[in-house]
Amino acid sequence: MTETLTAPAPETHPRYAIEIDGVGKTYGSGDGAVTALDLVNLDVRKGEFISLLGPSGCGKTTLLRMIAGLEDPTQGSIWLPGRGLDGLGFVFQRDALVNWRTIIENVLLPLEFKGRRTKAAYQRARDLLATFGLAEFEDRNPWELSGGMRQRAAICRAMIDDPQLLLMDEPFGALDALTRDDLNFELQALWPDPEKTAVFVTHSINEAVYLSDRVVVISDKPGRIVDITEIPFERPRPLEIREEPEFGRIARHLRGVLDGHSARRA
Amino acid sequence: MKKNPLAYIPMQVWTIVGIFAVWQACVMVLDIKPIILPPVPKVLGELFGNFGLYLRHGGHTLGNTLIAFAISVVAGVGMAIGIVYSKFLEKTLYTLLVTVNNVPKVALAPLFVIWLGTGNASKIAMGVLISIFAIVIDTVLGLRSLHPDLIDLGRAMRGSEFKVLMKLRLPNAMPSILAGMKVAISLALVGAIVGEFVAAQNGLGFVILSSQGAFRTDRVYASIIVLAAIGTALYYMMEYAEAKLIPWHESRRSHARPTAPSKPAKGPVAQPVASDAKA
Ligand SMILES: Nc1ncnc2c1ncn2[C@@H]1O[C@H](COP(=O)(O)OP(=O)(O)OP(=O)(O)O)[C@@H](O)[C@H]1O
Ligand SMILES: [Mg+2]
């Protein structure tokens, strides 16, 4: 006879892509313990683009890494409905391209890891690179590309397996303002997409507002969510929306929240 | 303006010619006895007059060296992988290797002859024993020094540990492995010669030892010249392997080489910052 334990019926259309429930993270123990995050609750909707904004050291990277399963929370739980960790693409702060592979070979790496590299995949990688303006660079070596081009390639690599969830840790942090604008524009053009959810870490208020459906502000010591702001702009979004009064109003609000929480430290 | 045709001869050739010239000058000016240092023409005459002999014995030594080297590479990389992935092997095998490495291995050569006889096996074993450690150490280092970002990348891509090894750790370790191989190939040659010194009827080590017994200093020098040629050839073989296998490494890209100063610099040239110190 079977036990009465039955798995809950799988949700066929989960509303959320990420469910973060009472998550905390403490590094080390005893006197040297550092609480990076404390009691974080956040449900990220499917198809949503969400940004994490906060002062340096507040735990943004920690949260992103926990979502990606690269680190375990010390409290609470994180649940990814859908394909779970298998449907995940990660873009690192430093692009993490491998030097021994050409650009297109870098992009194909995740598929090789999953044993799903095919002729069709190769074509898909080429198309993806072309979308990000790297068509002529697919056979170049990573070190022959500029920082912005490398970061684009890293995004292509994260997207090659058509992830449901794209996690990006300050991918444009090291780029100049113009290149950053370009990449922001290319990135926002991927949405709306009901099948793709993104969590984007940044220090830039403008970048967060421009890209996101919601901006989450985290305070530091310990890291807590102190504000969540909905961004109402329609997509696609031209870069010019950043000149609109509404954009300025939201940016000022976020600036106020950030300043309020860093003033306490001073 | 016409360039002097001599200018087309590479610097390396001039260096070798220079060594011979100094050698010959010493012999003539200091009036050194041929038993200590024979004149250049005598040695070169012996070398080319008996070229078949040197070719045969040189080939013999080279063969043992290459076999020992190949065994060292395969076994050394295999052990390194085991050591990196297994705490147990790290504590046992790695400790054992470090201990053995601290014994002057040359002292073990007579033992190998007792165990394996006076044939090729004892020479190959000696070559492996001397050279394998460089490969194990450098490979372990290379496999371990995968950048944390790339470790995360491997985990985020959710492949098996085998995929991480094949697609990230090993390629990442290639520069280290090749650095170890460069050292190992000359050590394998040392091992083969030491083995021949102890007991042999073949090989350059044997020729050197028996010529010394017969006071044929010219033969000793001729053998050393052949050995130098073999050693150099092996080194360039590894350089070539590097160029083919890790063209992506910082040390092999063109900007890694300091641009040649327009006038030959006096004194040592500063190490370029970009080049990998280990390579
Ligand atoms: N592996 C670790 N061991 C110990 N402490 C850590 C570790 N990783 C992060 N921390 C600590 O956790 C806190 C949050 O770090 P985290 O990297 O998440 O910040 P961040 O918000 O991403 O900062 P930044 O904007 O500068 O990247 C910091 O105080 C940091 O010192
Ligand atoms: Mg960070």
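The chains referred to below are lettered A, B, ... by the order of the sequence lines, with proteins before strands, and numbering in each begins at 1.
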Donor-acceptor contacts, no H, no angles, side chain residues 129-140 of chain A, under 3.5 Å, sequence neighbours left out:
unit_1: A/Thr131; atom_1: OG1; unit_2: A/Asp127; atom_2: O; d: 2.7
unit_1: A/Glu138; atom_1: OE1; unit_2: A/Arg126; atom_2: NE; d: 3.4
unit_1: A/Glu138; atom_1: OE2; unit_2: A/Arg126; atom_2: NE; d: 3.2

Does atom CZ (A/Arg94) have a neighbourhood of more than 12 heavy atoms from anything else shown, all under 6.0 Å?
no

Is A/Leu167 close to chain B through its backbone or its side chain, or both, or neither, when contacts mean heavy atoms under 4.5 Å?
neither

Would you name the heavy atoms of B/Leu150 and A/Trp100 that are closest together and state the gap between them?
CD1-CH2, 4.2 Å

Shortest non-hydrogen pair, B/Lys163 vs A/Glu112, comes out as NZ-O, 3.2 Å

Are more than 12 heavy atoms, taken from residues, nucleotides or ligands other than B/Asn102, located less than 6.0 Å from that residue's CG atom?
yes

Without placing hydrogens or testing angles, list every side-chain donor-acceptor pair under 3.5 Å for residues 79-87 of chain B, not counting sequence neighbours.
unit_1: B/Tyr85; atom_1: OH; unit_2: B/Glu161; atom_2: OE2; d: 2.7
unit_1: B/Ser86; atom_1: OG; unit_2: B/Phe88; atom_2: N; d: 3.2
unit_1: B/Ser86; atom_1: OG; unit_2: B/Leu89; atom_2: N; d: 2.8

Need one label for A/Ala96: side chain, backbone, both or neither, based on atoms under 4.5 Å from any heavy atom in chain B.
both

Interface residue of largest heavy-atom contact number with chain A, from B/Ile246, B/Val164, B/Leu153, under 4.5 Å
B/Leu153

Flag yes if more than 12 heavy atoms outside B/Met237 fall under 6.0 Å of its CE atom; otherwise flag no.
yes

Top of B/Ala156, B/Pro171, B/Gly159 for chain A proximity - count of heavy-atom pairs under 4.5 angstrom:
B/Pro171

Locate the shortest heavy-atom distance separating A/Asn99 from B/Glu250; write the atom from each residue and the value.
ND2-OE2, 4.2 Å

Taking atom CG of B/Asp152 and atom CZ of A/Phe92, what is their separation to the nearest 0.5 Å?
5.0 Å

How far apart are the C-alpha atoms of B/Leu168 and A/Phe113, what are their side-chain angles, what is the distance that settles it, and do they pass the side-chain contact (heavy atoms from CB on, under 4.5 Å) test?
CA-CA 10 Å; B/Leu168 294 176; A/Phe113 260 67; 3.8 Å; yes

